[in-house]
Asker: 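Below you'll find the structure I mean.
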Amino acid sequence: MRTKEIINIAIIAHVDAGKSTLVDAFLGQSGIFRENQVVVDCIMDSDDLERERGITIYSKNCAIEHDGYKINIVDTPGHADFSSEVERVIRSVDTTILLVDAAEGPMPQTRFVLQKSLEKGLKPVVLINKIDKKNARPEVVKDMILDLFIDLNASDEQLEFPTVYGIATEGIAIYNLEDEGEDLTPLFDTIIDRVESYPDKNEEPLQMQVYDLAYDDYLGRMGIGRIYQGQLEKGQKVEVSKRDGSINKGKINKLFSYVGLSQSEVDRVESGDIAVVTGLPEISIGDTIGQPGKVDPLPVIDIEEPTLSMNFQVNDSPFAGQAGEYLTTRHLKARLDRELEVNVGLEVERTEDKDAFKVSGRGELHLSILLENMRREGYEVAVSMPKVLMKEIDGRRHEPIERVLVDVPEEYSGTVIEKLNKRKGLMQSMMQENGYVELDYLVPTRGLIGYKSEFINDTSGEGTIIRSFERYEPFKGEVPERNNGVLISSNKGTARAYALSNLTDRGTLFIEPGTDVYEGMIIGLHNRENDLTVNPCKNKKLSNVRSNSSDDAVQLPPAKKMTLEDALEFIAEDELVEVTPDAIRIRKKITDEKMRLRHAN
């Protein structure tokens, strides 16, 4: 007999719709925190990068109890680059809460994650969040959601989705807009009414599928998955069906279940619940765990293929080894192999260069998060220009196409349309409202590399652009690349204000006085199409003649600070981004000027 009813739910939405805030409210109202406990916002976003960027990157689990039900909640990423996290989670849940902003309505990533849940036959519960916004339009957004369900070929049963309105920051949910809200009870009750708890299958043969992995320094690799049939006990002997059909034998060393935010060690986990197992060092995502001789493999979890690749190579710049702890090919390979254990959207291949690896992922953000984590861990690495992964379909070359939603003030819309058209974009729709223009485009991924910073400049920072992978289409032809050349340092040394002041007319600088530079390092963007080699270390000659007061202090415009994503979008074919724990630099692949000229000719 089962001890309690179990429902697993995933919260899906676009970036910044309020997923993590809603989970905070769930946890706060479930009584898992002490009265005097200090609770941070977005408590599920525990990774440093998640807190800094304000987005969810990794799917995470927690559990609450309500009216005799144990509800396992999965907080999923909202960015398209981490959609592989969403895809595998959908398999293990009974329903999804589709969270939509009351002002923005469904966004491109909303479409993607909703499509995945509808394909699995789930019946979503819709929560229209942020109804307290000044520009909230919940009724209009509800109609937009219905249109989206219809576009995605939802079944009649799925189209009858219940709608709840709420303000996640205040922990309030209501059935009707005129109601007074007190807590999230209407949402809890809607979930329980809409979704049947998982059937009691405790007496059937064990069947558990792993959908996520974790790693512990003491326990080793940990498999996280749902038990579809039977019960799993600590110390139990099991067989594991792998993706290739092979069977491995093993034993469960430790067994954990979720209680609030914590993994609590238990002796047994029942059918329908989410378990964390250790003792199976070869466990991988999609593997099925069963009883010896009775393992019944579940369908393999399909993961969307990568669309973008970069070469990660050993840092060989003149400043290599000054800041990092892990510098060699062996270190780089070990770190990438470790990432492959938990990052299913990633692929790593050897290249002809023994010091370089081709790393493929779902987008620039996906790969830049990996690089950012590596530099914080003490790695130094050089990275090449992102390249789009093509496909051969019916003998023709196809490339990834992204849906792009742009929201800009009217005065900038003409420039944005012109730029997107040049990048082989195809407009799908255009709407004007309150002085802003909303554009819906389909654009090749190639055309969007390097466009973000250009877009910010073209719209004076007032526009927003949201991207998500749509599909593969036949190759669209050549797209324009960076028009300007770069300013390249000719010397190794320290940049001087005097030298930089003489370069401000030549282009936009990336460095400030006092920055250490080396030969071949890119220090700015040239105003013209050609590259220009300059000496940023040149200082003013001293003499016995008293100088004018105007020479005492050199006034320089602020340098353009390049983030990791900016640098990856900026570089050309013959350039690299040097990523170290204390700096992000851009350089030429060949740092020596004479060698570079010889290679070009």
Asker: What distance do T163 atom OG1 and Y175 atom OH have between them, rounded to the nearest 0.5 Å?
Answerer: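 That separation rounds to 12.5 Å.
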
Asker: Indicate whether any N or O donor in one side chain lies under 3.5 Å from an N or O acceptor in the other, for N421 and Y441.
Answerer: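 Result is yes, a qualifying pair exists.
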
Asker: Using 0.5 Å steps for rounding, measure from the CZ atom of R446 to the OG1 atom of T307.
Answerer: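 Here the interatomic distance stands at 13.0 Å.
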
Asker: Would a 4.5 Å heavy-atom cut-off, applied to side chains only, mark I571 and L576 as touching?
Answerer: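 Not touching, per the 4.5 Å side-chain cut-off.
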
Asker: M374 vs E339, test: side-chain contact (heavy atoms from CB on, under 4.5 Å). Steps then yes/no.
Answerer: CA-CA 10 Å; M374 288 175 65; E339 187 69 21; over 6 Å; no

Asker: Please tell me if the side chains of K419 and F455 come closer than 4.5 Å, counting only heavy atoms from C-beta onward.
Answerer: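 They are not in contact (no side-chain heavy atoms under 4.5 Å apart), so the answer is no.
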
Asker: Donor-acceptor pair, R375 side chain versus T580 backbone, under 3.5 Å?
Answerer: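 Such a contact is found between R375 side chain and T580 backbone.
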
Asker: Check this for me, if you would: do K588 and D531 make a salt bridge, where the nitrogen-to-carboxylate-oxygen distance has to be below 4.0 angstrom?
Answerer: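 Result for this pair is yes, salt bridge flagged.
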
Asker: Are side-chain heavy atoms of M562 and V577 found at a separation under 4.5 Å?
Answerer: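 Heavy-atom side-chain distance check fails, nothing below 4.5 Å.
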
Asker: List the steps, then state whether ring pair (Phe, Tyr, Trp, His ring centres under 6.0 Å) holds for F312 with Y379.
Answerer: CA-CA 12 Å; F312 287 28; Y379 287 83; over 10 Å; no

Asker: Would you say the side-chain atoms of S309 pair up with the backbone N or O of K358, donor to acceptor, closer than 3.5 Å?
Answerer: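 Not confirmed, S309 side chain does not pair with K358 backbone.
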
Asker: Starting at OG1 of T508, measure out to CG of L487 and round the result to the nearest 0.5 Å.
Answerer: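 Answer rounded to 0.5 Å: 8.5 Å.
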
Asker: How close do A356 and Q313 get, counting heavy atoms only, and between which atoms?
Answerer: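 Looks like CB-CB, 3.7 Å.
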
Asker: When you check the gap from the basic side-chain N to the acidic O, do E573 and K387 get nearer than 4.0 Å?
Answerer: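 Salt bridge flag = yes for K387 with E573.
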
Asker: Does I145 form a side-chain contact (heavy atoms from CB on, under 4.5 Å) with I128? I'd like the steps, not just the answer.
Answerer: CA-CA 10 Å; I145 296 169; I128 299 179; 4.1 Å; yes

Asker: Give a yes or no on whether E157 atom CD has more than 12 heavy-atom contacts from other residues, nucleotides or ligands under 6.0 Å away.
Answerer: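 Incorrect, the count does not exceed 12.
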
Asker: Do I465 and Y451 touch side chain to side chain, with heavy atoms closer than 4.5 Å?
Answerer: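 Yes - at least one pair of side-chain heavy atoms lies under 4.5 Å apart.
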
Asker: With a 4.5 Å cut-off on side-chain heavy atoms, are E575 and I488 touching?
Answerer: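 Heavy-atom side-chain distance check fails, nothing below 4.5 Å.
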
Asker: Run the side-chain contact (heavy atoms from CB on, under 4.5 Å) check on V359 and M310 step by step: do they pass?
Answerer: CA-CA 5 Å; V359 182; M310 304 176 189; 5.6 Å; no

Asker: Would you say that more than 12 heavy atoms from the other residues, nucleotides or ligands in this model lie under 6.0 Å from the CD of E529, or not?
Answerer: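 Check fails, neighbour count at 12 or below.
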
Asker: Tell me whether R506 contacts the main-chain N or O of H526 through its side chain, where contact means a donor paired with an acceptor under 3.5 Å.
Answerer: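 Flag not set: sc R506 to bb H526 has no pair under 3.5 Å.
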
Asker: Would the distance check show the side chain of N176 and the main-chain N or O of E178 forming a donor-acceptor pair, the cut-off being under 3.5 Å?
Answerer: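 No: the side chain of N176 does not pair with the backbone of E178.
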
Asker: Minimum heavy-atom separation for F149 to L159, with atom names?
Answerer: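 The answer is CB-CD2, 3.5 Å.
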
Asker: Among V579, L564, L367, find the one that has a side-chain contact (heavy atoms from CB on, under 4.5 Å) with V383.
Answerer: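 Running side-chain contact (heavy atoms from CB on, under 4.5 Å) over V579, L564, L367 with V383 returns exactly one hit, V579.
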
Asker: Taking all atoms of both residues into account, what is the closest heavy-atom pair of L370 and L346, and its distance?
Answerer: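 Taking L370 first and L346 second, the nearest heavy atoms are CD2-CD2, 3.9 Å.
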
Asker: CG of L184 to CD1 of I167: how many Å apart, nearest 0.5 Å?
Answerer: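 That separation rounds to 11.0 Å.
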
Asker: Could you check whether T445 and E402, counting side-chain N and O atoms only, form a donor-acceptor pair closer than 3.5 Å?
Answerer: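 Yes, because at least one side-chain N or O of E402 sits under 3.5 Å from a partner of the opposite role on T445.
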
Asker: Is there a donor-acceptor pair under 3.5 Å between the side chain of R587 and the backbone N or O of K589?
Answerer: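 Present.
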
Asker: If you count every heavy atom of other residues, nucleotides or ligands that lies below 6.0 Å from K133 atom NZ, does the total exceed 12?
Answerer: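 Enclosed.
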
Asker: Closer than 3.5 angstrom, by distance alone: can the side chain of S489 be matched with the main-chain N or O of M521 as a donor-acceptor pair?
Answerer: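 Judged by distance alone, no pair lies under 3.5 Å.
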
Asker: Side chains of I449 and V388, heavy atoms from C-beta outward: is any pair under 4.5 Å?
Answerer: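 Yes, close enough: below the 4.5 Å cut-off.
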
Asker: Given side chains that start at C-beta, do those of I73 and I97 come closer than 4.5 Å, heavy atoms only?
Answerer: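 No, every pair of side-chain atoms sits at 4.5 Å or beyond.
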
Asker: Given side chains that start at C-beta, do those of I590 and D574 come closer than 4.5 Å, heavy atoms only?
Answerer: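 The answer is no; the side chains never approach within 4.5 Å.
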
Asker: Is a side-chain donor or acceptor of R137 paired with a backbone partner of A103 at a separation under 3.5 angstrom?
Answerer: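 Here the side-chain-to-backbone pair exists.
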
Asker: Taking NZ, NE, NH1 and NH2 as the nitrogens, is one of them in E399 or K424 under 4.0 Å from a carboxylate oxygen of the other?
Answerer: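 Salt bridge between E399 and K424, a charged N being under 4.0 Å from a carboxylate O: no.
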
Asker: If you measure from CG on N129 to OG1 on T169, what distance do you get to the nearest 0.5 Å?
Answerer: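 One gets 7.0 Å once the value is rounded to the nearest 0.5 Å.
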
Asker: Looking at L525 and G485, what are the two nearest heavy atoms and their distance?
Answerer: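 In this case the closest contact between L525 and G485 is CD1-O, 3.3 Å.
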
Asker: Using a strict 4.0 Å threshold on nitrogen-to-oxygen distance, state whether E512 and K561 make a salt bridge.
Answerer: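 Yes.
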
Asker: Check whether Q158 reaches the backbone of L122 with its side chain - one donor and one acceptor, N or O, closer than 3.5 Å.
Answerer: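 Side chain of Q158 to backbone of L122: a pair is present.
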
Asker: One pair to check against side-chain contact (heavy atoms from CB on, under 4.5 Å): L371 and L568. What are the steps and the verdict?
Answerer: CA-CA 11 Å; L371 285 167; L568 292 172; 4.1 Å; yes

Asker: Where is the tightest heavy-atom contact between A168 and A25, given as atom of each residue plus distance?
Answerer: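 That would be O-CB, 3.9 Å.
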
Asker: Working to the nearest 0.5 angstrom, can you tell me the gap between L187 CG and I172 CD1?
Answerer: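 L187 CG to I172 CD1: 13.0 Å, rounded to 0.5 Å.
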
Asker: Tell me the closest heavy-atom pair linking M430 and L439, and the distance in Å.
Answerer: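 Scanning both residues completely, I find the closest heavy atoms to be CG-CD2, 3.6 Å.
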
